Enquirer: 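Take this structure, written in structure tokens, and hold onto it; I'll ask about it next.
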Amino acid sequence: MMHKDAFDAGLATEAPAWEWLGKLARCFPVNHHEPGGYCLLDTSTFDLRRAFEEDPQRVQRFSQTLTDASERPLLHADFSKSHLDERVMQALLQLAEEQRVLALRDAMFEGGAINTTEQRQVMHWLLRAPTQDGLPAPLQDVWREMDAVRSAFLAFAETVRANPAITDVVNIGIGGSDLGPRMAVQALDAFVLPGKRFHFVSNVDGHELKAVLRQVQPRRTLFIIASKTFTTLETMTNAATALQWFREAEGGALADQVQDHFVGITTNLEAAAQLGIRTTFGFWDWVGGRYSVWSAIGLSLAIAIGAEQFRAFLEGAHAVDRHFQTAATEQNLPLRMGLIDVWRSSFLGHAARCMAPYHSGLQALPAYLQQLEMESNGKGVSRDGEHLRYLTAPTVWGEPGTNGQHAFFQLLHQGPHVLPVEFIAVKQIDHAWPLHHRLLLANALAQAQALMVGREDEDPQRCCPGNRPSTFLLLEALTPRTLGALLALYEHRVFVAGAVWNINSFDQFGVELGKQLAEDIVPRLESGDVRGLDPSTADLLQRLR
Ligand code: F6P
């Protein structure tokens with residue numbers, strides 16, 4: 001069933017469009033790195049200010065509104081303040097064709113095992129499909145099984161919501177089993193059921209667990225142990241400690257009620273049962289951890305906002321799936337934005353991207369995107385194991401506006417290198433102080449404007465060079481539907497960039513080595529045995545004992 005051209009892509013550098021883009025990049029300011037120096041090579045002719053003067057259609061050309069099937073707006077993306085022109089966009093679309101991006105997309109939506117290093121399908125998108133209509137026949141059974149689990153965990157979420165005895169929900173999980181639900185519960189605060197509190201424990205650092213346990217009462221708390229593998233050190237350690245705390249609470253009075261207060265979300269149902277957790281919701285190895293908020297991993301979110309709103313969250317993402325699958329290339333937003341991400345990293349040398357969500361609810365979005373983008377595309381070899389000679393995923397970091405303005409925006413305006421900023425603004429508010437919102441939005445607009453227009457001054461200390469790129473995403477309101485759409489847009493952007501770079505965006509072998517070495521160090525911290533360790537690690541270990 002695999003799409004025939006899906007793996008025909010070679011190294012991106014061998015694509016004819018790659019060479020052409022390299023030539024075009026000479027007309028743009030490029031971050032240039034060489035031993036002993038990192039600077040902006042600005043011999044370019046491209047200037048954003050002039051680009052707008054010369055092309056009255058530039059905003060329309062490089063912006064797009066996404067709507068759902070009923071023409072309701074989902075989000076608006078304006079990337080006209082990017083360092084690119086129509087020739088670049090056309091060359092990028094050509095590159096996508098040469099790198100078989102759409103063939104790989106079709107293979108993903110057909111259920112092909114496009115995670116080649118692990119021989120797995122990549123089907124997080126199936127979790128948001130409302131029906132089996134239109135799915136390839138072999139996926140219809142998979143959908144039915146998925147739908148049964150989805151209905152079951154959403155029904156469970158409703159029973160928890162209706163149970164006034166449960167006042168606190170604690171999600172114990174890390175990485176993809178934490179960042180998605182943590183971020184979304186915060187973002188959708190306006191939809192969260194009053195009377196229940198939601199806590200997230202991820203770090204193995206006992207301080208984090210302690211801070212949560214001191215706020216909750218065991219008989220009023222539901223613990224969700226979320227782990228795809230149910231082997232992750234942090235989650236298993238936190239789960240074991242929480243279980244022990246629960247069993248010992250109230251002089252052991254609750255010891256036989258574990259099944260009412262602990263739920264497991266995992267593909268490894270057996271391991272959950274071994275911990276004594278009887279209520280479990282499964283998912284499948286075709287859902288990557290960082291793509292799993294749509295599955296039962298989102299249970300804490302489902303309890304917070306309810307089944308109906310959770311389905312709206314899935315619906316928003318599904319609308320973007322449909323768009324990605326069916327829109328013409330020139331109007332395919334994830335395709336266009338993913339290609340611009342490639343252009344920025346690999347041709348303009350933008351090694352980082354700043355996320356600036358101008359909504360405090362989106363505080364945890366940069367952390368969520370760090371995993372999504374950097375764990376997916378932070379790779380240095382191709383699918384065939386060849387070393388890549390270009391930058392792939394940028395470092396993603398950020399803070400909500402306006403806080404970031406008072407911290408690191410200085411570097412963005414006057415630093416010696418160019419780092420693109422991605423602004424996210426939300427039109428409608430959920431508080432009673434429109435003045436606050438006007439000030440917030442004015443700042444978002446002004447920062448993007450300032451980066452571009454700059455400021456001339458005789459004093460070089462005060463001069464802002466301008467011509468600095470940004471992207472502006474706009475949501476009508478922050479709702480489950482629009483948040484779902486936003487996240488799916490990022491997922492598909494990451495997919496597109498990974499496909500162009502010909503890397504496998506769905507494994508994460510780079511995180512394994514440190515985990516293995518930690519296993520070796522744990523007993524040494526107790527015994528003090530430093531034999532075989534490098535001198536620095538040995539010295540630090542001794543100091544930490
Ligand atoms: O850090 C690696 C990783 O495997 C992530 O990809 C994943 O989201 C996280 O650990 C947690 O894994 P699990 O859900 O299996 O506990």
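Keep in mind that what you see is a predicted model, and the values were worked out from it rather than measured.
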Enquirer: For Leu333, does its backbone N or O pair with a side-chain atom of His323 as donor and acceptor, under 3.5 Å?
Expert: yes

Enquirer: Where the side chain of His124 meets the backbone of Arg290, is there a donor-acceptor pair that is under 3.5 Å apart?
Expert: no

Enquirer: Going by the angle between their ring planes, with limits at 30° and 60°, are Trp343 and Phe28 parallel, tilted or perpendicular?
Expert: perpendicular

Enquirer: To the closest 0.5 Å, what do you measure between CG (Leu365) and CD (Glu399)?
Expert: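 Nearest 0.5 Å value for the CG-CD distance: 12.0 Å.
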
Enquirer: Compare every heavy atom of Leu222 with every heavy atom of Val263, then report the nearest pair and how far apart it is.
Expert: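 In terms of heavy atoms, the two residues are closest at CG2-CD1, 3.6 Å.
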
Enquirer: Check the orientation of Trp433 and His436. Use parallel for under 30°, tilted for 30 to 60°, and perpendicular for over 60°.
Expert: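 The rings of Trp433 and His436 sit tilted, inter-plane angle from 30° to 60°.
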
Enquirer: Aromatic rings Tyr358 and Phe423: how do their planes relate, parallel, tilted or perpendicular, breaks at 30° and 60°?
Expert: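 Tilted: the ring planes of Tyr358 and Phe423 meet at 30° to 60°.
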
Enquirer: Would a line drawn from the ring center of Phe324 to the ring center of Trp125 be shorter than 6.0 Å?
Expert: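 No.
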
Enquirer: Tell me if a side-chain donor or acceptor on Trp143 pairs with a main-chain N or O of Ala129 at a distance below 3.5 Å.
Expert: yes

Enquirer: Is there side-chain contact between His199 and Thr221, with at least one heavy-atom pair below 4.5 Å?
Expert: no

Enquirer: With rounding to the nearest 0.5 angstrom, report the CE to CG distance, Met123 to Asn115.
Expert: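 Spacing of CE (Met123) from CG (Asn115) equals 12.0 Å.
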
Enquirer: Quick one: OG on Ser202 to CZ on Arg182, what's the gap to the nearest 0.5 Å?
Expert: 4.5 Å

Enquirer: Would a distance-only check, ignoring hydrogens and angles, find a side-chain to backbone donor-acceptor pair under 3.5 Å from Lys196 to Ala304?
Expert: no

Enquirer: Please check if any side-chain donor atom of Ser295 sits under 3.5 Å from a side-chain acceptor atom of Ser292, or the reverse.
Expert: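 Side chains of Ser295 and Ser292: no pair found under 3.5 Å.
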
Enquirer: Hey, could you give me the OG1/CG distance between Thr326 and Asn332, rounded to the nearest 0.5 Å?
Expert: 8.0 Å

Enquirer: Taking it one step at a time, do Met183 and Val293 satisfy side-chain contact (heavy atoms from CB on, under 4.5 Å)?
Expert: CA-CA 10 Å; Met183 177 270 296; Val293 64; over 6 Å; no

Enquirer: Do you know which two heavy atoms are closest between His437 and Val426, and how far apart they sit?
Expert: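 Smallest heavy-atom distance, with atoms named: NE2-O, 2.9 Å.
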
Enquirer: Just how far is it from atom NZ of Lys228 to atom OG of Ser177, taken to the nearest 0.5 Å?
Expert: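 Rounded to the nearest 0.5 Å, the NZ-OG separation comes to 9.0 Å.
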
Enquirer: List the atom of Leu440, the atom of Gly401, and the distance in Å for their closest heavy-atom pair.
Expert: CD1-O, 3.6 Å

Enquirer: Less than 4.5 Å apart, side chain to side chain, heavy atoms only: is that true for Arg336 and Leu339?
Expert: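 Side chain of Arg336 against side chain of Leu339, heavy atoms only: no contact under 4.5 Å found.
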
Enquirer: Is there a side-chain contact between Phe347 and Leu24 in this structure, where contact means two heavy atoms from C-beta onward sitting under 4.5 Å apart?
Expert: no

Enquirer: Checking side-chain contact (heavy atoms from CB on, under 4.5 Å) for the pair Cys27/Arg87: CA distance, chi angles, key distance, verdict?
Expert: CA-CA 11 Å; Cys27 303; Arg87 283 180 314 167; 4.2 Å; yes

Enquirer: Can you tell which of Leu193, Ile303, Leu299 makes a side-chain contact (heavy atoms from CB on, under 4.5 Å) with Val169?
Expert: Ile303

Enquirer: So for atom CZ, which belongs to Arg58, do other residues, nucleotides or ligands contribute more than 12 heavy atoms lying within a distance under 6.0 Å?
Expert: yes

Enquirer: Are the side chain of Arg220 and the backbone N or O of Asp168 linked by a donor-acceptor pair below 3.5 Å?
Expert: no

Enquirer: Flag yes if more than 12 heavy atoms outside Glu308 fall under 6.0 Å of its CD atom; otherwise flag no.
Expert: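 No - once you tally the heavy atoms of other residues, nucleotides and ligands closer than 6.0 Å, there are 12 at most.
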
Enquirer: Exactly one of Ile305, Leu314, Leu301 should register a side-chain contact (heavy atoms from CB on, under 4.5 Å) with Pro480. Which one does?
Expert: Ile305

Enquirer: For residues 90-97, tabulate all N or O donor-acceptor pairs below 3.5 Å that involve a side-chain atom, not counting sequence neighbours.
Expert:
residue: Gln90; atom: NE2; partner: Glu86; partner atom: OE2; Å: 2.7
residue: Gln94; atom: NE2; partner: Glu98; partner atom: OE2; Å: 3.0

Enquirer: Find the distance between OG (Ser505) and OH (Tyr291) and round it off to the nearest 0.5 Å.
Expert: 6.0 Å

Enquirer: Indicate the atoms forming the closest heavy-atom contact of Ser227 with Thr232, along with that distance.
Expert: OG-OG1, 3.7 Å

Enquirer: Without hydrogens or angle criteria, can the side chains of His492 and Asp321 be said to hold a donor-acceptor pair below 3.5 Å?
Expert: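 Short answer, yes.
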
Enquirer: Kindly indicate, with the supporting measurements, whether the criterion side-chain contact (heavy atoms from CB on, under 4.5 Å) is fulfilled by Ile424 and His359.
Expert: CA-CA 8 Å; Ile424 304 180; His359 191 300; over 6 Å; no

Enquirer: Please check if the side chain of Tyr390 supplies one atom and the backbone of Trp501 the other of a donor-acceptor pair under 3.5 Å.
Expert: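 It does hold such a pair.
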
Enquirer: side-chain contact (heavy atoms from CB on, under 4.5 Å), that's the test. Do Leu127 and Phe283 meet it? Break it down for me.
Expert: CA-CA 10 Å; Leu127 298 162; Phe283 62 115; 5.6 Å; no

Enquirer: Determine whether a donor-acceptor pair (N or O, by modelled atom type, separation under 3.5 Å) exists between the side chain of Gln370 and the backbone of Val396.
Expert: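 The answer is yes, because a donor-acceptor pair under 3.5 Å joins these two groups.
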
Enquirer: Main chain of Thr471, side chain of Glu422: is a donor-acceptor contact present, judged purely on distance under 3.5 Å?
Expert: no

Enquirer: Just do the salt bridge (charged side-chain N to carboxylate O under 4.0 Å, His left out) check on Glu456 and Arg49 with the steps written out, would you?
Expert: CA-CA 13 Å; Glu456 283 179 14; Arg49 296 157 284 204; over 6 Å; no

Enquirer: I'd like to know if the side chain of His76 pairs up with that of Glu476 as donor and acceptor (distance under 3.5 Å, no hydrogens or angles considered).
Expert: no

Enquirer: Can you see which heavy atom on Pro181 is nearest to which on Ser300, and at what distance?
Expert: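 Pro181 and Ser300 have their closest heavy atoms at CB-OG, 3.3 Å.
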
Enquirer: Determine yes or no for a side-chain-to-main-chain donor-acceptor pair under 3.5 angstrom, with Gln414 supplying the side chain and Gln461 the backbone.
Expert: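 Side chain of Gln414 to backbone of Gln461: a pair is present.
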
Enquirer: Report yes or no: does Arg468 contribute a side-chain atom to a donor-acceptor pair with the main-chain N or O of Val418 at less than 3.5 Å?
Expert: no

Enquirer: Does His431, at its NE2 atom, have more than 12 non-hydrogen atoms belonging to other residues, nucleotides or ligands within less than 6.0 Å?
Expert: yes

Enquirer: Quick one: which of Phe191, Trp294, Phe153 gives a ring pair (Phe, Tyr, Trp, His ring centres under 6.0 Å) with Phe310?
Expert: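 Checked Phe191, Trp294, Phe153 against Phe310; only one passes ring pair (Phe, Tyr, Trp, His ring centres under 6.0 Å): Phe153.
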
